[in-house]
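First the proteins, then the strands, lettered A, B, ... as listed; each starts at 1.
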Amino acid sequence: MAIESEVLVIGGGLGGLTSALAAAREGADVRLVSYKQSTLRQASGLVDVLGYTPDGDGPLTDPYEAIPSLPESHPYRKVGVETVRDALSLFDDAVPTYEGEHTDTNALLPTHGGSIKPTARYPAGASAGLASDTRDTLLVGIEEMVDFDAPHVASHLDATGVPFDVRGETIRFPGDLRADAKVTRYAKLLDTNSEVAVRGRMVPAREALAQRVNPLLEGEERVGFPAILGDDNPGAIRDALGDHLGVDVFEVPMGPPSLPGLRLEDALFSALDEAGASIETGNPVVDFEGEDRIEKVCIEKNGAKIPNSADQYVLATGGFVGKGVESDREGVYEPVFDCHVPHAADRYDWFEGELFGDHEFARYGVATDDDLRPLDESEHSEFENLRAAGSVLGGYDFAAEKSGSGVSIATGYAAGQRAAQEAR
Amino acid sequence: MGPTPHIAVIGGGSTGAGIARDLAMRGLDVTLVEQGNLTHGTTGRMHGLLHSGGRYAVSDQASATECIEENRVLRDIASHCVEMTGGLFVKRPEDSEEYFQKKLNGCEECGIPAEVVSGEEARAMEPHLAKDIDKAISVPDGAIDPFRLVVANAASAQEHGARIETHSKVTDLIVESGEVVGIEVEHDSGPGKRVHGTEGGTEEIRADYVVNATGAWAGRIGDMAGLDIEVRPSKGVMTIMNIRQVDTVINRCRPKGDADIVVPHETTAILGTTDEEVEDPEDYPEEQWEVDMMIDTLSELIPMLDEARTIRSFWGVRPLYEPPDVGSDDPTDITRDFFLLDHDERDDLPGMTSIVGGKFTTYRMMGEQIADHVCGKFGIDADCRTADEPLPGSEDFSVLRDYMDEFGLRSPIGRRSVERLGSRADDVLKTDGPNPTVCECEGVTRAEIQDAIEGSGSDLNAVRIRTRASMGNCQGGFCSHRMASELHSEYDESVVREAWDELLQERWKGQRHALWGEQLSQAALNYALHATTQNRDQDPADGDPVDFSAFDSGRGQTGGSVDSADVAADGGTDGY
């Protein structure tokens, strides 16, 4: 007897989680299965909706305004601009620790490389770092952390023309962490606020960190750190540092492993759990049955194939990065249901010679109808009860547009909601 | 004897650097100029094979004999650049038995230690060899790092007083009264390049003698004085795998053919190669079929290559030369021997000699002969010492110490750093501050990067070839911004940004030929990190000014300056 649900979502990234959440809130009996660690640990944790048009115009102040002029193949065009707004409302409700919902206008945030980028939602921990905020800024880097060189980031930010003075200073992190400590080690130390030795005296870690930074302040009203300020209690850590320093404290989003990305993942899993969905992680979907309609899928667990059946399915397995779209020398394919992935026959047409050229591969993924059902080569739906959401979709270049999270949330929301409605 | 002669050497590959070192050690004044980074031309685009001579033991025994002699010399003077992997010439059932015997006899005739091993023994040494390999001949092939070797030669030349100018392109030969008396060079200036005392603009370098060691580019230099130097550039593709499928150099034992060698190199294995004549050493097609052929043909020897991940491919151009009267049609028939063209004897233009042809393994011997030749011109009687004096990094080389404790580095990283640095490890790795890892794929620490920056300036590609940082699996996806930041203590932000862009573009160039499977997934991740997370594709620092006031400046406000008290209020309202 198969494990049964009304809606089965495959994939535990932003698209899958939103999809399952939308379906659960619609009242459906939802099950989410995911295999690998989601790509959220590699993402900055910012929720971009649309920062640039496919032609490269931008940064856009209003992402919603640009959506109706996107190419028809774009996932935003499939779901429509109102669905994008509704989906973000769901996100705002599920993850109250994010900000940006007070306006349609994009925010510009500093990146850990020293540039700025447009985004629509940002963690509260990043909010004091907005680049349109005119307060002078001190960035503090950790000598041992090669991913965030504060003086370099500060001078790069200055070159982008930010409307404030910005300086970078580098400190030795208090406590005895080795040179190659992972970000989670720093976070843990600050979460537990364990005592560390400072000149023979034991001092709580948060206070010790503030003591290192305090003499470096030259009247700046805000201080930015790399995103290492705690995993479990980031708000409390920022408050403590802010109290000690008498300034606002913020985090600059970082590359992998990204604490803001991991915190977002945790928040969404909690919301999904609260909504009553069943969740199974760590096991891959290896097989399925069905011709025009998916009857069941098989999940491999400890060598056994466990059947899971549902009325409606959502494919949210990710793109090339998340391995929801794969390739070999012969072509590009979708590995779970073998949905058609349109692509050029010659693999040398998949990319451009310039690093940031208009790469075709970046837009590869399944094509869908307006109901997000994947289409086969002759543009008929592959399965009547399968929808796709997130980076497994083709037709948009999330990296160039800065639209990855927005597309995942909008299509996840639409796919999950429609699957739930159709299941009844 | 008059004042010390000044020799201008053109070309910063293995040959030019070898010549510069030799001449400088013999007490001559030397200036070496190179249009790009050291190894910019053919040297930086080879498979890294230290020949035993086995490859030429049938077709070209003179070259084979030179190879085994120099193989022994380099193991001695360049131990920190060499990994003695050993090599096998493997015979598949369809390969000729007669040729196998010829190879074996040829090795014996050339003094190359060679031994027949059974198919079973060969597979015991290299478990991924195909099951149907008949047998093999084992020879002392090795792997050599061409970047490290050339940098060490240049460093040694500098220690002996030579001037080394990279990013300095020769724009003309100065000819006066029917004699070459110097060169005119255009120094690159500004961002992304090494910063020199003589940076920027044109310089006339007067010399008592000029050596043209530009390999495949020799004809271009010759043209500047109306000389006809018929180099026949021949391209070859090399494909880099993400791991070492073999720890021994694997050669196919057959007369000649494409895709017949796999060289284990550092963390990778390099598949080679093809041999196809091209018109222009800088502009030739790089094609898909060439990469496919490497994988498909070499899978006959090592089946797992068919499914394995490649991280990039690159092409090199051999500087082949043959005297005009030979007239080979097929580049594979052109000798691998080198030729010293004295333009006084050959073209009645005194003051310059070109060296063409030859092989990387015998670069030192070529340097010795040309240094003898130049010294002869000036009646200088000085012995060559390059075969006896170790290169910087290869003196008192010992890896037996416990470097993990010594330098506070995690074990595999410490070991790899020490292997790269050789006897310089103490100097480079003993730092006051923390020494975190910058490139995780290749285990390169901040101290090594800083040492390379000291040697090569603001050029991150020059840092790359000195350290291997950004040359591993992720191809710079995770470490290029870190490398850029390491430059920032010394250079302005705008210089850093250009050097960073240059590195990213260079890394992309070779990866394009490996974009399927795992590496396409990696490339998509790198693209996301650089474009999405860092917004480097739309960096306002490089583009149009942004109207910051038009964007969200905090809760409750859209545009304009923000009331700081308002923003301060959001601390502590949440758990994030």
Side-chain angles (χ1 to χ4, degrees), chain A residues 44 52 59 61 97 99 102-103 105-108 111 113 115-117 123-125 127-128 130-135 143-144 146-147 149 151-152 155-156 159-161 163 179-180 221 234-235 238-239 242 248 255 263 320-321 323 327-329 347-348 350-351 355-356 361-362 399-400 402 404, chain B residues 288 292 408 410 433-438 446 478 481-482 485 488 493-494 496-497 504-505 508 512 515-517 520-521 524-525 527-529 531-541 545-546 548-556 558-559 561-562 564 567-568 570-576:
Chain A
S44 64
Y52 299 85
T61 48
T97 53
E99 295 188 11
H102 61 274
T103 174
T105 308
N106 271 328
L108 298 172
T111 77
S115 186
I116 50 165
K117 68 168 278 191
S127 64
L130 296 193
S132 298
D133 178 338
T134 55
R135 291 175 298 166
E143 196 174 3
E144 299 88 338
V146 289
D147 263 325
D149 183 292
H152 180 211
S155 48
H156 189 170
T160 67
D180 288 324
E221 292 171 85
R238 284 200 314 281
D239 283 351
D248 273 350
R263 293 172 197 150
F320 283 120
V321 180
K323 310 274 169 70
S327 63
D328 54 29
R329 281 191 280 155
R347 71 168 191 264
Y348 276 61
W350 298 354
F351 56 81
L355 171 70
F356 293 127
F361 78 77
K402 327 298 162 192
Chain B
Q288 173 175 350
D292 286 337
R410 279 186 284 156
N435 189 21
T437 305
V438 173
R446 171 176 288 164
F478 285 65
H481 70 285
R482 301 173 182 167
S485 285
H488 186 252
E493 188 276 332
S494 60
V496 172
R497 190 158 13 104
L504 287 173
Q505 185 62 45
W508 176 246
R512 294 177 296 151
L515 291 186
W516 69 87
L520 181 54
S521 175
L525 173 60
Y527 182 44
L529 295 177
T532 309
T533 307
Q534 297 178 358
N535 200 19
R536 290 287 291 134
D537 60 327
Q538 292 275 8
D539 193 338
V546 171
F548 285 85
S549 67
F551 290 84
D552 175 18
S553 60
R555 184 182 286 172
T558 49
S561 67
V562 76
S564 62
V567 174
D570 54 32
T573 58
D574 60 77
Y576 293 82

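Looking at B/Leu525, both its backbone and its side chain come within 4.5 Å of chain A, counting heavy atoms on both sides. Contact of B/Arg536 with chain A is made through backbone and side chain together, with heavy-atom distances under 4.5 Å. In this structure, chain A has heavy atoms under 4.5 Å from both the backbone and the side chain of B/Arg512. Contact annotation for A/Lys117: both backbone and side-chain heavy atoms come within less than 4.5 Å of a heavy atom of chain B.
At least one side-chain heavy atom of A/Ser115 sits under 4.5 Å from a side-chain heavy atom of B/Pro540. Side-chain contact between B/Val546 and A/Pro59 is present, with heavy atoms from C-beta onward closer than 4.5 Å. A 4.5 Å side-chain heavy-atom check between B/Leu515 and A/Arg347 finds every atom pair outside the cut-off. Using a 4.5 Å cut-off on side-chain heavy atoms (C-beta onward), B/Leu520 and A/Trp350 make contact.
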Q: Start with the C-alpha gap between B/Phe478 and A/Val146, add the side-chain angles, then the distance that decides, and say whether side-chain contact (heavy atoms from CB on, under 4.5 Å) holds.
A: CA-CA 10 Å; B/Phe478 285 65; A/Val146 289; over 6 Å; no
Q. Would B/Asp552 and A/Glu99 count as a side-chain contact (heavy atoms from CB on, under 4.5 Å) if you check the C-alpha gap in whole Å, the side-chain angles of each, and the deciding distance to 0.1 Å?
A. CA-CA 11 Å; B/Asp552 175 18; A/Glu99 295 188 11; over 6 Å; no
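Between B/Trp508 and A/Phe361, the two ring planes are tilted [angle within 30° to 60°].
Using a 3.5 Å distance cut-off with no hydrogens or angles, the side chains of B/Asp539 and A/His156 do pair a donor with an acceptor.
If you run side-chain contact (heavy atoms from CB on, under 4.5 Å) between B/Phe548 and each of A/Asp133, A/Leu130, A/Thr160, A/Thr134, only A/Thr160 comes through.
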